[in-house]
Amino acid sequence: MRLTAAQARRVAVAAQGFADAKPAGPVTRAHLKRLIARIQVLQLDSVSVSVRAHYAPVFSRLGPYDRDLLDRAAWSHSARSPRLLVEYWAHEAALMAVDDWPLMRWRMREYSHGRWGTEIVKRNAKLAEDIVAAVAELGPATAGQIEAHLESEPRGRKGPWWDRSDTKWVAEALWSSGVLTTATRIGFARHYDLTERVLPAEVVARHVDEAQAVRELTLRAATALGVATEADLRDYFRLGARQVKPAIADLMASGELEPVQVDGWTAPAYLRAGQIVPRRDRGAALLCPFDPLVFFRPRVERLFGFHYRIEIYTPAPKRQYGYYVWPFLMDGRLVGRVDLKADRTAGALQVVGAFSEPDEDPRRIAESLAAELTSMAGWLGLGDVVVGERGDLASSVRAALG
């Protein structure tokens with residue numbers, strides 16, 4: 001099978017949910033559950049210059065929604081509303097479906113001493129035991145609360161003294177290894193608890209071997225991407241080549257993936273079986289830098305001809321577009337980018353800069369972008385959209401906003 005570059009782009013955009021109409025009424029838990037089943041992950045990031053990253057993909061696909069809906073799904077549990085999401089290294093730190101947590105058991109084994117700072121963890125085995133005991137006694141607690149609890153105990157109970165910063169490293173390692181998980185977040189601070197007190201017993205007890213898990217994760221990546229190279233499939237859940245190659249072969253043998261050639265792509269590609277190839281470009285949305293449609297930059301360039309780098313760590317005078325820039329999807333193509341900041345004191349969504357892509361008509365983009373900006377401002381509880389001077393698109397957006 002062969003796809004044109006435009007067909008591949010339409011498949012990718014549709015697979016991520018952008019070709020669907022947004023809900024006419026309030027966004028519900030059922031909407032959220034279906035979205036997670038489709039895109040799999042909501043990446044977490046601490047930057048909150050406009051809105052934290054995990055909230056944005058839901059808005060981009062479903063429109064304005066109550067962020068408490070996502071908070072309850074991720075960080076609370078009740079008999080009427082069981083926890084829907086859990087945090088783990090699914091892509092980077094991300095929210096994923098609770099039922100899928102066992103698919104990461106193999107990674108938890110790899111991270112038995114954490115993802116980073118493994119030497120610190122290895123030399124602090126007693127501290128790990130003490131942290132687990134402290135959490136068992138305290139219930140959900142931050143690393144600082146755990147540390148304060150341990151320091152308040154008689155020294156003889158906790159064995160050798162440790163460096164104060166070690167507590168955070170070891171708590172994170174216990175989270176990475178699956179011993180602890182995130183019970184809740186308050187002010188974005190993670191509160192650790194024993195995994196068996198947070199997740200359903202059936203989920204904790206379920207074990208999936210690595211080959212099975214990787215096969216399923218590869219299939220889910222293929223479903224979320226629509227059409228993908230091996231590198232694309234690997235990146236979605238940060239899998240290794242040695243894992244993905246046999247998974248792809250098995251999925252092709254079972255007919256769940258189909259080999260395809262995409263015009264202009266140098267690497268072989270794979271199409272999710274049953275994937276419909278849309279006849280036209282659809283979808284308009286502002287995309288945060290960590291949206292699943294754009295978080296793998298080589299794929300963004302291949303699909304859209306859109307060179308994208310986040311410039312948070314670039315010194316301000318050297319930034320080309322801005323600090324926290326959102327690509328703008330219009331009619332299924334990336335046509336511009338907007339540097340956004342939520343000024344909560346002034347009650348305004350600030351468009352610090354707005355830029356159109358080469359060969360795009362700023363006036364055509366401006367009407368659609370203005371509508372998305374107005375929607376975002378309302379969703380964030382901001383009463384105004386204020387457009388700065390940077391970028392060739394700024395004046396047209398300002399005019400479209402009236």
Side-chain angles (χ1 to χ4, degrees), residues 15-88 90-101 140 181-191 193 197-200 203 220 223-224 283-295 326 329 340 342 344 347 349 371-383:
Q16 283 282 310
F18 290 107
D20 297 347
K22 292 174 181 175
V27 175
T28 65
R29 179 182 169 92
H31 289 122
L32 180 61
K33 189 171 183 178
R34 284 195 295 271
L35 178 62
I36 296 301
R38 186 172 207 161
I39 67 172
Q40 300 295 319
V41 295
L42 297 173
Q43 187 172 339
L44 294 160
D45 189 77
S46 61
V47 177
S48 61
V49 66
S50 48
V51 64
R52 292 199 191 276
H54 59 288
Y55 294 116
V58 183
F59 167 76
S60 298
R61 291 158 180 78
L62 301 181
Y65 72 101
D66 183 351
R67 279 173 284 166
D68 284 346
L69 175 72
L70 182 52
D71 289 343
R72 290 192 300 271
W75 297 304
S76 69
H77 174 86
S78 69
R80 287 187 60 188
S81 183
R83 183 186 299 265
L84 178 63
L85 304 173
V86 64
E87 292 183 29
Y88 194 63
H91 192 65
E92 288 300 307
L95 294 169
M96 64 184 297
V98 163
D99 286 346
D100 294 342
W101 187 84
T181 191
T182 308
T184 190
R185 281 185 181 264
I186 300 173
F188 206 61
R190 180 183 285 149
H191 288 240
D193 201 356
R197 293 201 300 213
V198 174
L199 302 185
V203 170
R220 291 178 185 221
T223 305
L286 284 160
L287 307 172
C288 88
F290 304 104
D291 190 286
L293 183 64
V294 298
F295 59 33
W326 297 58
L329 183 77
L340 294 179
R344 292 172 178 85
L349 180 62
E372 291 296 322
L373 291 168
T374 301
S375 177
M376 176 181 271
W379 172 56
L380 296 177
L382 304 171

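All values reported here derive from a predicted model rather than from experimental measurement.
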Is the shortest heavy-atom distance from the side chain of [X] to the side chain of [Y] under 4.5 Å?
X    : Y    : value
L373 : L286 : yes
P292 : P57  : yes
M376 : W326 : yes
V51  : L340 : no
T184 : H77  : no

Test side-chain hydrogen bond (donor to acceptor under 3.5 Å, both in side chains) applied to [X] - qualifying residues, sequence neighbours left out:
X    : result
R34  : none
Y65  : none
R190 : E87, E172, T182
D20  : R38

To the nearest 0.5 Å, how far apart are [atom1] in [X] and [atom2] in [Y]?
X    : Y    : atom1 : atom2 : result
D99  : L85  : CG    : CG    : 10.5 Å
R185 : H54  : CZ    : NE2   : 7.5 Å
L84  : L69  : CG    : CG    : 9.0 Å
L329 : E372 : CG    : CD    : 9.0 Å

Identify all side-chain donor-acceptor contacts of residues 23-32 below 3.5 Å with residues at least two apart in sequence or on another chain.
| unit_1 | atom_1 | unit_2 | atom_2 | d |
| --- | --- | --- | --- | --- |
| T28 | OG1 | A30 | N | 3.3 |
| T28 | OG1 | H31 | N | 3.3 |
| T28 | OG1 | H31 | ND1 | 3.0 |
| R29 | NH1 | S81 | OG | 3.3 |
| R29 | NH1 | P82 | O | 3.1 |
| R29 | NH2 | P82 | O | 2.5 |
| H31 | ND1 | T28 | N | 2.9 |

Exercise. Taking all heavy atoms of T181 and all of V198, pick out the closest pair and write down the distance.
Key: CG2-CB, 3.6 Å
Exercise. Work out which heavy atom in C288 is nearest to a heavy atom in A53; give both atom names and the distance.
Key: SG-O, 3.9 Å
Quiz item: Is it true that R61 and D291 have a side-chain N and a carboxylate O under 4.0 angstrom from each other?
Solution: yes
Residues 90-97, side-chain donor-acceptor partners within the protein, below 3.5 Å, at least two apart:
| unit_1 | atom_1 | unit_2 | atom_2 | d |
| --- | --- | --- | --- | --- |
| H91 | ND1 | D235 | O | 3.0 |
| H91 | ND1 | Y236 | O | 3.2 |
| H91 | NE2 | R238 | NH2 | 3.2 |
| E92 | OE1 | R115 | NH1 | 3.1 |
| E92 | OE2 | R115 | NH2 | 3.3 |
| E92 | OE2 | R238 | NH1 | 2.4 |

Going by side chain to side chain contact (heavy atoms under 4.5 Å, CB included), name the residues that satisfy it together with [X], two or more places apart in sequence or in a different chain.
X    : result
D71  : Y55, D68, W75
S375 : F59, P64
R344 : A342, L382
P140 : A183, H191, D193

Solution key, residues 40-49 side-chain donor-acceptor pairs under 3.5 Å, sequence neighbours excluded:
| unit_1 | atom_1 | unit_2 | atom_2 | d |
| --- | --- | --- | --- | --- |
| Q40 | NE2 | A37 | O | 2.8 |
| D45 | OD2 | V47 | N | 3.1 |

Exercise. Please identify each residue that fulfils ring-ring contact (aromatic ring centres under 6.0 Å, His included) with F18, with sequence neighbours left out.
Key: none
